[in-house]
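All chains are named by letter (A, B, ...) in the order of the sequence lines, taking the proteins before the strands, and each is independently numbered beginning at 1.
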Amino acid sequence: MNRRVRVRFAPSPTGPLHMGGVRTALYNYLFAKKHGGDFLLRIEDTDQTRFVEGAENYIIESLKWCGIMPNEGQGIGGDFGPYKQSERKDANMYTQYAMQLVESGHAYYAFDTAEELEEMRELAKKAKMPNWQYNSITRGSLKNSISLSEDEVKARLDVGDPFTIRIKMPRNEDVRFHDEIRGWVTVNTNNLDDKVLYKSDGMPTYHLANIVDDHLMEITHVIRGEEWLPSAPLHVLLYRYLGWEETMPLFAHLPLLLKPDGNGKLSKRDGDRLGFPVFPLEWKDPSTGEISSGYKQKGYFKESFINMLAFLGWNPGTPQEIFSLDELVEAFTLERVSKSGAKFDPDKTKWFNQQYLRSKSDLELGSLLKEKIQGDFSLEYLAGVANLMKERASFIDDMLEGDYFFGKPSEYDKDTVNKKWKPETPALISELKERFANVSEWKSEVLESTFKTFLEEKGLGMGAILPNFRLTVTGKGMGPSMFAIAELLGKEETLTRMQEGIDKI
RNA sequence: GGCCCGUUCGUCUAGGGGUUAGGACACAUGGUUUUCAUCCAUGAAACAGGGGUUCGAUUCCCCUACGGGCUACCA
């Protein structure tokens with residue numbers, strides 16, 4: 001009974017991986033690592049009509065970027081393959097179980113076409129019965145191996161009539177199972193319908209494939225989104241009918257990720273509308289060419305993305321909020337996952353990024369900066385820029401606000417010019433420039449004391465001249481310490497800019 | 001409509017039969033700063049409603065409301 005923990009992330013390749021999906025993968029990863037188990041990736045592509053080119057690769061690349069790669073599965077390998085359901089179907093891994101269910105009387109052949117059923121639903125709806133289901137009440141009047149004679153069923157099968165296999169849902173039976181997050185959940189089978197297990201195209205549906213695969217892959221815990229909660233009783237029944245109840249995995253249904261404003265599931269639309277990514281990586285839709293932004297490309301660190309995601313629906317119960325992946329592994333438990341949906345908060349996400357940015361060394365930030373700019377600057381210099389800019393940045397790009405570190409100002413901030421640049425200013429800046437020219441050691445502290453002495457002699461306040469000094473050197477009305485900027489820029493560059501400022505403003 | 005799940009500051013959440021209901025983000029105010037940012041301090045801000053049970057309920061139970069999910073030969 002002490003089985004090795006094995007969990008899986010089982011997305012279907014119908015498009016880019018949504019951040020909600022990443023969180024599901026993350027919780028699976030954390031749980032597996034915490035218990036020294038396996039985390040596998042299985043691709044659920046039983047719906048061939050929804051296949052999207054590149055989606056599978058996108059999923060793998062996303063998990064890779066996040067640093068939560070499975071240790072087994074599609075694109076990785078392992079002893080339980082194949083890890084893609086279409087390939088498992090080709091390897092004939094599902095049919096026998098569908099047959100087993102038919103033979104044991106827990107499933108049956110159904111010959112009704114999708115169109116016929118659609119019509120049936122339409123009719124029912126018009127008759128004010130919006131809840132038409134293929135179930136114990138209706139199955140008797142439909143075309144299936146329960147209502148039809150044995151001979152007719154055989155004849156239909158012999159001539160190759162298309163058919164599906166449906167579960168024969170029992171009447172009035174309570175199905176009870178324990179959810180690791182929600183506790184006991186009970187559903188009466190009268191509310192469940194005869195779900196299709198095997199489609200007429202020869203593919204199993206999710207419901208069958210999922211159970212067969214989880215069983216064969218020796219999955220111990222199914223950690224998935226809340227949207228699966230209603231079909232969990234069906235899955236429990238399937239385990240029972242297949243004779244696998246002994247090793248049935250434990251279930252944990254995660255709360256949904258909700259949109260920041262209003263209600264409902266977080267969707268791609270919300271990201272577009274409110275200006276934040278919903279996907280880990282940028283995605284280009286192969287059919288429309290439309291590009292959706294990704295956290296990576298938007299300048300988020302994977303650490304902050306993961307940290308933020310971990311806290312949407314889980315918390316450690318301590319005041320600590322900044323967690324490395326390893327710390328998350330250590331702290332994570334399903335018991336501390338909350339039951340209710342979590343609204344995504346773009347502001348908090350930004351805050352997380354700021355925290356991580358500030359925790360990085362100047363050198364590291366400098367090299368990240370190097371990728372963003374043109375021109376040949378030494379790493380040391382860029383580290384210096386980072387040192388001055390990091391306090392005011394949430395993203396690497398924010399540090400580019402200090403464009404004056406990479407070239408002379410091309411224009412001078414109009415508001416500051418209007419407010420601070422007085423007729424007597426050029427003369428004062430000129431004088432200040434002379435003082436600076438005579439400074440023995442070009443250091444921030446020396447420049448500052450030189451500056452203050454100058455002010456005292458002139459009987460001026462900081463506000464009268466410092467903003468103008470900043471203006472000439474950076475072209476801006478605000479920024480980090482001017483003396484530190486001047487030190488980094490160097491004596492010659494600073495003095496040149498002061499003169500140019502006097503000439504141009 | 002039916003079924004299932006949920007509901008603590010605007011948001012993420014802690015807590016739990018007796019608490020000044022705690023923290024974080026965001027917000028506001030003050031301090032530091034030439035400025036902006038940072039930082040520090042302070043503030044405003046919540047137990048959906050109604051019934052029980054109880055000496056006492058935000059906490060336990062029931063109902064209602066609200067929200068969400070599911071209700072396909074999609075996952």
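Across all strands shown, B:C39 pairs with B:G31; the Watson-Crick or G-U wobble distances both stay below 3.5 Å. Checking B:A65 for Watson-Crick or G-U wobble geometry (two distances, each under 3.5 Å) identifies B:U7 as its partner. In this entry B:A44 has no Watson-Crick or G-U wobble partner, no candidate having both defining distances under 3.5 Å. Under the Watson-Crick and G-U wobble criteria, each requiring two contacts below 3.5 Å, nucleotide B:U54 is left unpaired. Of all nucleotides present, only B:U71 satisfies the Watson-Crick or G-U wobble test against B:G1, with each distance under 3.5 Å.
Here A:F311 and A:F323 bring their ring centres to under 6.0 angstrom of each other. For A:F305 and A:Y300, the distance between ring centers is not under 6.0 angstrom. Annotation: A:Y198 is not in aromatic contact with A:Y94 [ring centroid separation under 6.0 Å not met]. Taking the six-membered ring for Trp and the full ring otherwise, A:F177 and A:W184 have centroids separated by 6.0 Å or more. Ring-centre distance between A:W351 and A:Y356: not below the 6.0 Å cut-off. Remark: aromatic rings of A:F436 and A:F469 are close, center separation under 6.0 Å.
Taking 4.0 angstrom as the limit, A:K390 places none of its side-chain polar atoms (N or O) nearer than this to OP1 or OP2 of B:A37. A close approach under 4.0 Å does not occur between any side-chain nitrogen or oxygen of A:K343 and OP1 or OP2 of B:C9. For the pair A:S340 and B:C5, the criterion of a side-chain N or O lying under 4.0 Å from OP1 or OP2 is not met. At least one side-chain nitrogen or oxygen of A:K265 sits closer than 4.0 Å to the OP1 or OP2 atom of B:C70. A close approach under 4.0 Å does occur between a side-chain nitrogen or oxygen of A:R121 and OP1 or OP2 of B:A72. Neither OP1 nor OP2 of B:C12 sits under 4.0 Å from any side-chain N or O of A:R336. Phosphate proximity of B:A37 to A:R358: absent, as no side-chain N or O sits under 4.0 Å from OP1 or OP2.
Among B:C5, B:C73, B:A26, the nucleotide with an atom closest to any side-chain atom of A:R166 is B:C73. Each of B:G2, B:A37, B:C74 was ranked by its minimum atom distance to the side chain of A:N191; first place goes to B:G2. In this structure, the nucleotide among B:C73, B:C25, B:G68 sitting nearest to the side chain of A:L256 is B:G68. Closest approach to the A:A342 side chain among B:U13, B:C5, B:G6 is made by B:U13 (side chain taken as heavy atoms from C-beta onward). Distance from the side chain of A:E227 is smallest for B:G69 among the nucleotides B:G69, B:C5, B:U38. Among the nucleotides B:A24, B:U34, B:C70, the one closest to the side chain of A:P467 is B:U34. Each of B:C73, B:U34, B:A24 was ranked by its minimum atom distance to the side chain of A:L466; first place goes to B:U34. Nearest nucleotide to the A:D345 side chain, out of B:U35, B:C5, B:C25: B:C25. Candidate nucleotides B:C73, B:C12, B:U38 were compared by shortest atom distance to the side chain of A:E391, and B:U38 ranks first. Closest to the side chain of A:T113, out of B:A24, B:G68, B:C73, is B:C73.
Between the P atom of B:C70 and the CH2 atom of A:W132 lies a distance of 21 Å, rounded to the nearest Å. Remark: C1' of B:C12 and CD of A:Q320 are 16 Å apart, rounded to the nearest angstrom. Atom pair A:K195:NZ and B:C3:P shows a separation of 16 Å (rounding to whole Å applied). Whole-Å rounding puts the A:K350 NZ to B:A24 C1' distance at 17 Å. Counting to the nearest Å, the P atom of B:C12 and the CE atom of A:M308 are 14 Å from each other. When rounded to the nearest whole Å, the span between CG of A:L258 and P of B:C5 equals 18 Å. Rounded to a whole Å, the CG atom of A:L234 is 21 Å from the P atom of B:G69.
Nucleic acid contact for A:S338: sugar-phosphate only, since backbone atoms but no base atoms lie under 4.0 Å from a heavy atom of the residue. Using a 4.0 Å heavy-atom criterion, one finds that A:S12 contacts the sugar-phosphate atoms exclusively. Counting any heavy atom pair closer than 4.0 Å across all strands shown, A:G479 reaches a base atom. Across all strands shown, A:N131 has heavy atoms under 4.0 Å from base atoms, whether or not it also approaches the sugar-phosphate. Within 4.0 Å of A:R224, counting heavy atoms only, lies no atom of the nucleic acid at all. Note on A:Y206: a base of the nucleic acid sits closer than 4.0 angstrom, heavy atoms only. In this structure, A:M478 reaches the bases: a heavy-atom distance under 4.0 Å links it to at least one base atom across the strands shown. The residue A:R50 sits close to a base: some heavy atom pair falls under 4.0 Å. Nucleic acid contact class of A:N188 (heavy atoms, under 4.0 Å, all strands): none. Within the 4.0 angstrom heavy-atom criterion, no nucleotide atom of any strand lies near A:G225.
The base of B:C73 does not come close enough to the side chain of A:T164 for any donor and acceptor atom to sit less than 3.5 Å apart.
When only modelled atom types and interatomic distance are considered, A:N135 and A:D193 share no side-chain donor-acceptor pair under 3.5 Å.
Mapped onto RNA chain B by nearest heavy atom, A:W228 and A:F483 fall at different nucleotides, with A:F483 at the one closer to the 5' end. Nearest-nucleotide assignment on RNA chain B puts the 5′-proximal partner with A:M482, out of A:M482 and A:G264.
Relative to the six-membered ring of A:F163, A:K199 misses at least one condition, a distance below 6.0 Å or an angle of at most 45° to the axis. At least one test fails for A:R435 against the ring of A:F454: distance under 6.0 Å to the centre or angle within 45° of the axis.
A distance of about 11 Å separates the P atoms of B:U58 and B:G51, rounded to the whole Å. Between B:C3 and B:U13, the distance separating the two P atoms is 28 Å to the nearest Å.
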